[in-house]
Structure formats: C-alpha cells, structure tokens
Amino acid sequence: MSALDTAAAVRAGERSAVDILDEHLARIARRDGEIHAFNLVTEGLARSQAESVDAAVAEGRDPGPLAGVPVAVKDNTCTRGIPTTCSSRILEGWLPPYDATVIERLGSAGAIIIGKTNLDEFAMGSSTENSAFGPSRNPHDVTKVPGGSSGGSAAAVAAGFAPLAIGSDTGGSVRQPASLCGVVGVKPTYGVVSRYGLVAFASSLDQIGPFATSIADAAVLLEVIGGHDPRDSTSIPEPAPSLLDVLGRGVDGMRVGVITELAGGPGGVEGIAPDVVARTRQAVAALEAAGARVSEISVPSAILGLSAYYLIAPAEASSNLSRYDGVRYGLRVDAPTTGEMNIASRSAGFGDEVKRRIMLGTYALSAGYYDAFYGKALKVRTLIMRDFAAAYEQVDVLVSPTSPTTAFGFGDKTADPMAMYVNDVCTIPSNLSGHPAISIPFGVGDDGMPIGVQILGPAQSEPTIFTVATVLEDVAAKGGAQ
Ligand code: GLN
C-alpha cells in the first residue's frame, strides 16, 4: 500500500497505525536478517508514535499527511536519545541530544520512525560496503549491492520494510541507490530541506531527500520535510514546494534536453552501459510521444564534475570530521598524551575510505596545493553552474541515466576506489550546481535488475521535474519500459 493510501486510511479511522506498524515490523523480522537495511529498528519509539496517532484519530483530531506511515531514516540523521552511528565505530555509544528538523517534521506529520538505516561510513561510498557494520543487500538480488551511500534506505523501501525513507545526497547517495533498487529517489534543491541534525559530510553539497515507491509518495514526503528552517543558515526562506497539486500537468510543449556528455556517445563520459543508455533513450522517446520537444544539449563541464567533486567533498569532509577526536563524541582509545589519544581514537574509529577522504581533503587544502587543487575545483564548479544556466535557457529539464550500470556484485569495485567513484558521474553535477534531480525506475537491464532515469532541472524546479517523472511513471506502469 502506498504512503498516501496508508495515511488516508489511518486518517479516516479505517486502519490503525499500530496494525500498520506491526505489519511492517513482521516483514522486517522475516527478511532484514538477509537484507540488513537497518542498523537499528526503533520499535519502542515507533510504537509510541503509532499509539498517539491512533489516539488522535479516536479523539477526532487529524494526525497529519503522513498519519501512521512508517519511515526509515538514514543513520546519519540525529534522533534524540537514539543511537546515530553514521555506520562508523567512531560514534560508538553516542546519543544525540536533539532531533534533526526532518525528524521533528515527520513526527508532526503523523509519520512513524521505524528505524535507522545502514549507509557507507559517513555517507562516503556507493555500495554500503564501507559500512563498519557490514553491507546491505539489494532486495531484487541479494548477491548484488543496493548502491550507496543511502543503500539501507533504498533497500528498506524496495523490500517493503517502509513505504518511505529518508536519505542524504552529497554526490548521488539518494538517486544512485534508488536507481539500483528500483525505487524513486530525490535530491532536492540545496536549501529546500533543512540540514539541521544531518551529520555533516560536505556541507556545501549535502542535501536530505526522499525515497518512495511512487512519485506521489515522494512528493508528499518532500512537502512534509521541506521548507524554511531558521536553524539551518543555508535553508531557503520559503515554504516547501507544492507538488501533489501539479503532478498530473503532463509534458505537452515542455522542452526536454538529453545531456550529450551522459548519453553514452563518443566524446562523452565513458562506461555508461548500453542497456542503461537504451532505457534512457526509451524514456526520452516516451516524453516526446507525450508532447515534449526533445533536443540534445551539451553540458561540456559535466564531464569534469567527478574530478571537482573528489576535491571539494573530501576537503569539506576533512574539516567536518575533525570534530571526531576522541574527546567530544563516541569512541576513545586512551593513550599517554592528548595527541596520541586523538590518533589512536581516529585510527581505531574510522574505516579506510573515511581515512582516504580525510587525507585527500587535507592535502588538497594544504598550503602550496590549495590553488592547484581546491581552488581549481571551485572554478570547475562555477563552470558547471554556467553550463547548466546556459542549458536551461534552451530547455526546461534535462535527462540522463542516474547510474552508469545496474547493481553490481559485492567486492566488484572495492579494490579500486576510482571504479567506485565513477558510479556518481551522472549525479554529481546536480550537487555541484545545487539543483534538484529525481531518479525514476524505468525498466530493467540485460541482467533483469532495475534501471533509473534521472530528470534534472534548475533551482527550485521540483514541481517541473516531478511532473516529468510522473509521465515516465505512467509509461512504465503501462509496460512502456520493456
Ligand atoms: N558516492 C559518493 C561519495 O562517495 C556520494 C556520496 C553521497 O552522496 N553521500 O562521495
């Protein structure tokens, strides 16, 4: 049952939130041993939230637009008094003293926080294989990764453990796992969803976004969690975008551009699999058939996004992660001096990928290298913004694959960091520009695994990209993605 139908049934008193919770807990009990979507199932919190939703309905009060809907939350989102680990040993034993804004807003909307989902440590990765607690598995084929870093959230929705989930997307971490698990994933415009209480990875890129099994469900979740928050200085001072009202507008007359560099052709990004290219083209043809005016648009600097990202994101991470020093949070390994204690704690607490990023970022920011690396990456970021601005003078939205391939096997890419980084080549440009993008499931690949198509738009174009995605959702539902 969709989140919207569930909430409607609970608000009308036809279903009890406690029953719905129990159904989902039973599914988790049956299958999460194998999937490992969750680091923690928050049954106690969920039950008390469900009971108050049922009590509100019994008293004739409306619990809100997500009444009784279980939501799985990525474990880098602070939950008061409930472990928030970022799938890292360094946060062992830490209990956040406050709730993230998204947690508060979910609660006020009647949602039920059902658990904290697994991720690549500190959201660094594309497969959940960097989790200190072991990887999550793809519910479509448990020999494959679910993608990452929000792999647990994507797997939870794909496995039916929760109709909705929250992830964070710094370079693709909502959209790529959504694509690999066959669900909808959204990276909103930077500043639409408050980052208050999201553990920082790369603050100028991080953005919280929804997972759902339908566009309408993703829309209601974004409406609930979006909108201005004075506790995040980068929050856009406007209400959340209104999405549910516009989903059915259609694409007649809309200008749709296919990003040349991400279309699998010569001169573009290499390594985009032919089956992924074929599905993307099929999606574009479907939009054309629905009345859109389609053209190819070059975004030349898109190809440089990956290199710029792997300087900017580690640079910001090296600064953000300096707070984990064994003094203020989590794990401490004692040693004779403070400096040695810091080193011992961080050596024991951080995994290899996090260490690699801290070293890369520290190097890129160090005297003598700052201009050559970090400064240059910032210039590339500006070029990407200019190229997108030029493209959006000609088209309303852009289309590309979400991920270059379907889900891959465990261990396939762990030996070579570059092979893993390339996963985000199509998603990173939107993080660098701050623009919104959505991944929508559109058929399967040669291996039978889900493929996602990405719709990108300019800042605050969520209503438009959701409209386009709805058209593709209808086409796929009618068998047009086979
Ligand atoms: N896979 C990318 C990385 O490892 C993106 C991660 C993310 O969006 N959090 O940095």
Side-chain angles (χ1 to χ4, degrees), residues 3 35-40 70-79 84-87 100-103 105-106 111 113-128 130-131 135-136 138-139 145-159 161-190 192-195 197-202 205-213 217-222 224-226 402-403 423-424 427-428 430-431 436-441 452 454 462:
I35 304 292
H36 185 210
F38 289 100
N39 284 342
L40 182 70
V71 180
V73 177
K74 189 174 182 178
D75 201 14
N76 60 353
T77 313
C78 289
T79 38
T84 296
T85 67
C86 297
S87 289
T101 295
V102 292
I103 299 292
R105 291 192 179 172
L106 285 168
I113 308 295
I114 197 164
K116 306 292 296 283
T117 59
N118 193 20
L119 63 149
D120 287 292
E121 186 176 2
F122 283 103
M124 297 174 188
S126 304
S127 67
T128 73
N130 296 334
S131 166
S136 304
N138 193 312
V145 303
S149 64
S150 318
S153 289
V157 172
F161 297 159
L164 299 175
I166 294 287
S168 65
D169 190 312
T170 303
S173 279
V174 169
R175 290 160 287 159
Q176 184 259 13
S179 170
L180 270 47
C181 288
V183 298
V184 174
V186 187
K187 201 287 282 182
T189 303
Y190 186 78
V192 161
V193 181
S194 170
R195 290 181 297 109
L198 170 69
V199 177
F201 164 10
L205 303 162
D206 297 340
Q207 183 61 197
I208 291 175
F211 287 95
T213 56
D217 276 4
V220 67
L221 180 51
L222 186 51
V224 164
I225 61 173
T402 303
S403 165
N423 267 288
D424 300 306
T427 47
I428 277 173
S430 312
N431 297 85
I438 184 164
S439 178
I440 150 107
Q454 183 179 221
E462 278 85 351

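Annotation: the span from Asp169 atom CG to Ile428 atom CD1 amounts to 9.5 Å, rounded to 0.5 Å. Atoms CG and OG1, from Leu40 and Thr79 in turn, are 8.0 Å apart once rounded to the nearest 0.5 Å. Between Lys116 atom NZ and Asn39 atom CG the span is 8.5 Å, to the nearest 0.5 Å.
Using a 4.5 Å cut-off on side-chain heavy atoms (C-beta onward), Asp217 and Val184 make no contact. The side-chain heavy atoms of Phe122 and Val199, taken from C-beta on, include a pair separated by under 4.5 Å. The side-chain heavy atoms of Thr128 and Pro146, taken from C-beta on, include a pair separated by under 4.5 Å. Counting heavy atoms from C-beta on, the side chains of Leu222 and Pro210 come closer than 4.5 Å. Using a 4.5 Å cut-off on side-chain heavy atoms (C-beta onward), Lys187 and Thr427 make no contact. Between Val192 and Pro436, every side-chain heavy-atom pair lies at or beyond the 4.5 Å cut-off. Taking 4.5 Å as the limit, every side-chain heavy atom of Leu119 sits out of range of all side-chain heavy atoms of Ser150.
Of the possible donor and acceptor atoms, one in the side chain of Ser179 sits under 3.5 Å from a partner among the backbone N and O of Gly452. Remark: the backbone N or O of Ile166 is paired with a side-chain donor or acceptor of Ser153 at under 3.5 angstrom. Side-chain atoms of Glu462 come within 3.5 Å of backbone N or O of Thr189 as a donor-acceptor pair. Judged by distance alone, with hydrogens and angles left aside, the side-chain atoms of Gln176 form no donor-acceptor pair with the main-chain N or O of Thr402 at under 3.5 Å. A donor-acceptor pair is defined here as one N or O able to donate and one able to accept, closer than 3.5 Å; no such pair exists between the side chain of Asp75 and the backbone of Ser87.
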(message) Between Phe161 and Ile35, is the side chain to side chain contact (heavy atoms under 4.5 Å, CB included) condition met? List the steps.
(response) CA-CA 10 Å; Phe161 297 159; Ile35 304 292; 4.1 Å; yes
(request) Before giving the answer on side chain to side chain contact (heavy atoms under 4.5 Å, CB included), spell out for Ser149 and Lys74 the whole-Å C-alpha distance, their side-chain angles and the decisive distance to 0.1 Å. (result) CA-CA 9 Å; Ser149 64; Lys74 189 174 182 178; 2.8 Å; yes
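Heavy atoms only, all atoms of each residue included: Pro70 and Ala162 are closest at O-CB, 3.6 Å. Residue Asn118 comes nearest to His36 through the heavy atom pair ND2-CE1, 3.4 Å, listed as atom of the first residue, atom of the second, then distance. Taking both residues in full, the closest heavy atoms of Pro139 and Ala158 are given as CG-CB, 3.8 Å, listed atom of the first, atom of the second, then distance. Ala212 and Val157 get closest at one heavy-atom pair: C-CG1, 3.9 Å. A pairwise comparison of heavy atoms in Ala165 and Val71 identifies CA-CG1, 4.2 Å as the closest pair. Between Thr117 and Ala156, the closest heavy-atom pair is CG2-CB, 4.4 Å.
When Asn431, Val186, Asp424 are each tested for a side-chain contact (heavy atoms from CB on, under 4.5 Å) with Arg175, only one passes: Asn431.
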